[in-house]
Amino acid sequence: MINESMYQLGSKPSCIRELFMYGLKQAAIVGKENVYDFSIGNPSVPAPQAVTDAFRAITAQEDTLAIHSYTPAGGAPDARAAVAADLAARTDTPVRAENVFFTCGAAPALVSVLRALAVENSEVIAITPYFPEYRPFVECSGSKFVPVPADMENFQINFAEMEKRITANTQAVIVNSPNNPSGAVYSLETLQTLAKLLTAKSQEYGHPIYVIADEPYRELVYDDAYVHYIPAIYPNTVICYSYSKVFSLPGERIGYFFIPDCVEDSARLFAAAAGAARIMGHVCAPSLQQQVVRACATVKPDLTEYDRNRTLLYEALTEYGYTCVKPQGAFYLFVKAPKGTAKEFSDRAKQENLLIVPGDDFGCPEYFRASTCVSNDMIRRSLPVFKKLIEEV
Ligand code: PLP
């Protein structure tokens with residue numbers, strides 16, 4: 001017998017992957033230059049030079065055993081110390097290396113923490129629109145997935161809606177800022193209101209409600225947007241981080257979870273998340289990548305290209321009449337379908353070889369997502385198609 005829910009997850013690609021695969025097939029037929037693929041969130045700028053140099057320098061070492069050996073389960077002490085030192089410097093708080101656990105990207109970091117918090121009848125809140133994988137991550141960890149609509153005017157949190165959905169079983173709220181797919185960056189006011197609400201509800205129900213801050217886009221912010229350090233505002237916050245986007249290394253699978261000392265029961269929660277990583281086989285993240293992180297913990301990405309793309313697509317689409325909140329972070333635009341559902345609109349766009357992701361899997365079937373981590377030239381060439389599609393409706 002085969003586990004049905006695993007079968008369902010493994011046999012159907014996500015809507016994003018399906019579109020992406022379709023784009024590759026279509027490119028072979030009509031030519032790559034005639035497919036406008038805005039489907040996937042693969043970084044489109046090369047890794048920072050310092051990161052490439054670090055890979056070269058580390059692999060050039062003669063002692064290959066030192067590079068490729070197993071590290072301790074949570075990572076090499078020097079790499080964990082480098083991450084802790086960088087976090088301490090940027091947050092102005094003490095950070096211990098022992099509280100950082102390397103994982104193969106943000107995804108296993110999230111699942112480790114979710115599994116650590118899954119208890120009988122537990123519920124986890126995510127704010128709509130949400131990263132589609134949150135649902136299977138939460139459900140397969142053993143908790144109930146509870147979506148809460150955002151304030152659709154600006155994609156900040158709708159607290160009236162959130163308050164209605166917090167129950168005695170709420171264990172955690174996933175906070176993703178900068179947000180995939182909306183590009184929203186939560187303001188200080190939003191985070192302070194969240195802290196107030198969760199503190200009151202934790203007291204009311206007699207147990208902590210944790211924030212799981214999913215931050216793979218932390219450094220990808222534009223204009224004067226600022227990503228606040230949530231544990232300083234709400235202490236019961238765990239951070240899941242990834243180098244996939246910031247260092248353009250999604251295929252190298254490196255990230256971490258960080259459970260600060262200010263989290264209630266932090267040592268037990270850390271051990272439980274480490275235990276969850278262990279049973280998923282996610283201990284000892286790739287050693288080479290850990291060493292690159294050690295060498296580059298303070299390196300920042302160059303956002304010029306992403307910012308240029310964001311401005312170009314946002315300005316063109318809004319000029320044509322599309323409705324969209326200007327993203328302050330990440331590399332996506334979340335746009336209201338001009339008429340009908342986004343699925344219908346995306347299907348129509350597909351006929352023109354324009355690949356945009358309908359928002360159903362993000363919990364928002366009236367919106368579509370367009371990734372701006374693509375070439376600026378492709379955006380320019382796609383604009384007449386976007387224009388034609390809105391003129392049709
Ligand atoms: N969380 C969000 C919001 C994402 O957009 C992604 C990837 O796109 C992930 C988590 C997973 O990232 P990783 O590649 O580090 O596993």
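Just so you know, these numbers use all the heavy atoms, side chains as well, and skip hydrogens, waters and symmetry mates. All figures in this text were calculated on a predicted structure; none of them were measured in a lab. Both counts, for ligands and for their atoms, begin at 1 and track the order of listing.
With a 4.0 Å cut-off on non-hydrogen atoms, Y243 does not touch ligand 1 at all. Only the side chain of K245 comes within 4.0 Å of ligand 1, counting heavy atoms alone; its backbone N, CA, C and O stay farther away. Contacts between S244 and ligand 1, counted as non-hydrogen atom pairs separated by less than 4.0 Å, involve the side chain only.
Counting only heavy atoms of the protein, atom 6 (C) of ligand 1 lies nearest to F131 CZ, 3.4 Å. In this structure, atom 12 (O) of ligand 1 lies nearest to the protein heavy atom A106 CB, 3.8 Å. In terms of protein heavy-atom proximity, atom 16 (O) of ligand 1 is closest to R253 NH2, 2.8 Å. When only non-hydrogen protein atoms are considered, atom 1 (N) of ligand 1 lies nearest to D214 OD2, 2.6 Å. What sits closest to atom 15 (O) of ligand 1 on the protein, heavy atoms only, is S242 OG, 2.5 Å.
Between the Y367 side chain and the P181 main chain, no donor and acceptor come within less than 3.5 Å of each other.
Transitive grouping of hydrophobic side chains (ILVMFWY, heavy atoms separated by less than 4.5 Å) brings I233 and L197 into a common cluster.
Just one residue in the list L355, L19, V374 forms a side-chain contact (heavy atoms from CB on, under 4.5 Å) with F38, and that residue is V374.
Figure legend: R218 and Y241 shown as a cation-pi pair, the cationic atom lying under 6.0 angstrom from the six-membered ring centre and within 45 degrees of its axis.
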